[in-house]
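For ligands, and for the atoms within them, numbers begin at 1 and follow the listed sequence.
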Amino acid sequence: MSLLRIFCVANQKGGVGKTTTTVNLAAGLAQLGRRVLVVDLDPQGNATMGSGIDKRALALSIYDVLLEEATVAEARQRSPKGGYDVLGANRELAGAEVELVELERREKRLKAALAGVADEYDFVLIDCPPALSLLTLNGLCAAHGVIVPMQCEYFALEGLSDLVNTIKQVHGNLNPELQIIGLLRVMFDARITLQQQVSEQLKAHFGEKVFDTVIPRNVRLAEAPSYGQPGVTFDPSSKGAQAFVEFAREVVKRLG
Ligand code: ADP
Ligand code: MG
């Protein structure tokens with residue numbers, strides 16, 4: 001029996017730390033000896049580039065997999081420094097959104113494709129685009145759970161309600177396994193009173209669903225993608241890298 005866990009990293013807002021969370025959690029889990037596949041489901045291809053794979057040079061990508069012209073095993077590549085595999089994306093993926101609408105099982109394509117490599121991984125982490133689109137729906141249909149990175153800003157809670165409603169709908173109609181694994185506070189600056197207040201509100205509202213680990217704002221995490229690797233491997237001694245390794249431990253521990 002496979003113990004594979006498939007998680008979407010999702011938040012319909014852009015720039016909230018989805019990709020940073022995906023690649024660093026992947027690298028953290030890899031350091032703990034877990035076998036990890038990152039699926040880049042964003043046409044921007046940031047998780048691909050941030051894992052050290054040139055999105056412009058992909059022979060096969062998630063696009064070919066969603067259109068059933070390639071398998072995951074054919075299209076994946078190894079992140080040179082990250083210690084995990086990547087199913088890469090580039091701008092071509094934006095077209096899939098339109099092409100998929102016409103096709104059968106359009107929201108279940110990723111789920112079907114991942115079944116082919118289920119024995120080879122302990123974790124699949126899906127980096128979602130900043131929209132509740134058909135691509136994100138493919139992620140949510142394939143996943144056991146959702147990890148939601150968020151900044152502790154004034155409108156953060158308000159923005160969450162759309163995502164929470166979408167997750168409820170997918171849970172009810174398409175994927176009864178789907179649940180929120182947890183909310184991850186990212187780019188956190190404890191010196192800012194507002195962030196502490198929003199953090200307390202989050203805990204009051206979501207309780208146990210808020211991860212204990214907090215990811216601080218840390219420039220090394222922002223610099224790492226331009227070196228083609230996650231912060232966790234780029235500068236292991238940095239506060240950001242240490243926080244993500246701690247987060248990987250928490251994820252493993254929560255799953256028991
Ligand atoms: P998303 O995938 O949600 O659009 P990203 O992960 O790309 O968000 O993050 C947006 C920007 O913020 C990027 O430039 C990234 O390097 C930076 N960033 C993300 N997390 C942190 C952090 N903890 N500290 C500093 N910069 C961060
Ligand atoms: Mg992103």
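When side chains are defined from C-beta on, Ile215 counts as touching Leu184, because their heavy atoms get closer than 4.5 Å. Here the side chains of Lys253 and Glu250 are not in contact, with every heavy-atom distance at 4.5 Å or above. Side-chain contact between Val252 and Leu29 is present, with at least one heavy-atom pair separated by less than 4.5 Å. In this structure the side chain of Lys18 reaches within 4.5 angstrom of the side chain of Pro149, judged on heavy atoms.
Using a 4.0 Å cut-off to heavy atoms of Leu221, the atoms of ligand 1 that qualify are 22 (C), 23 (N). Of all the atoms in ligand 1, the ones that sit under 4.0 Å from a non-hydrogen atom of Thr20 are 5 (P), 6 (O), 9 (O), 15 (C), 19 (C), 20 (N). Remark: ligand 1 atoms within the under-4.0 Å shell around heavy atoms of Gly17 are 1 (P), 3 (O), 5 (P), 6 (O), 8 (O), 9 (O). Residue contact check: Val16 has heavy atoms under 4.0 Å from atoms 1 (P), 3 (O), 8 (O) of ligand 1.
Applying the ring pair (Phe, Tyr, Trp, His ring centres under 6.0 Å) criterion to Phe211, with sequence neighbours excluded, gives Phe247. With sequence neighbours excluded, no residue forms a ring pair (Phe, Tyr, Trp, His ring centres under 6.0 Å) with Phe206. Not counting sequence neighbours, the partners of Ala143 by the side-chain contact (heavy atoms from CB on, under 4.5 Å) test are Ile6, Cys8, Leu178.
Take a cut-off of 2.8 Å around the Mg ion (ligand 2): the protein N, O or S atoms inside it are Thr19 OG1.
Atoms CZ and CG, from Phe123 and Leu255 in turn, are 5.0 Å apart once rounded to the nearest 0.5 Å.
Closest to atom 26 (N) of ligand 1 among all protein heavy atoms lies Ala222 CB, 3.7 Å.
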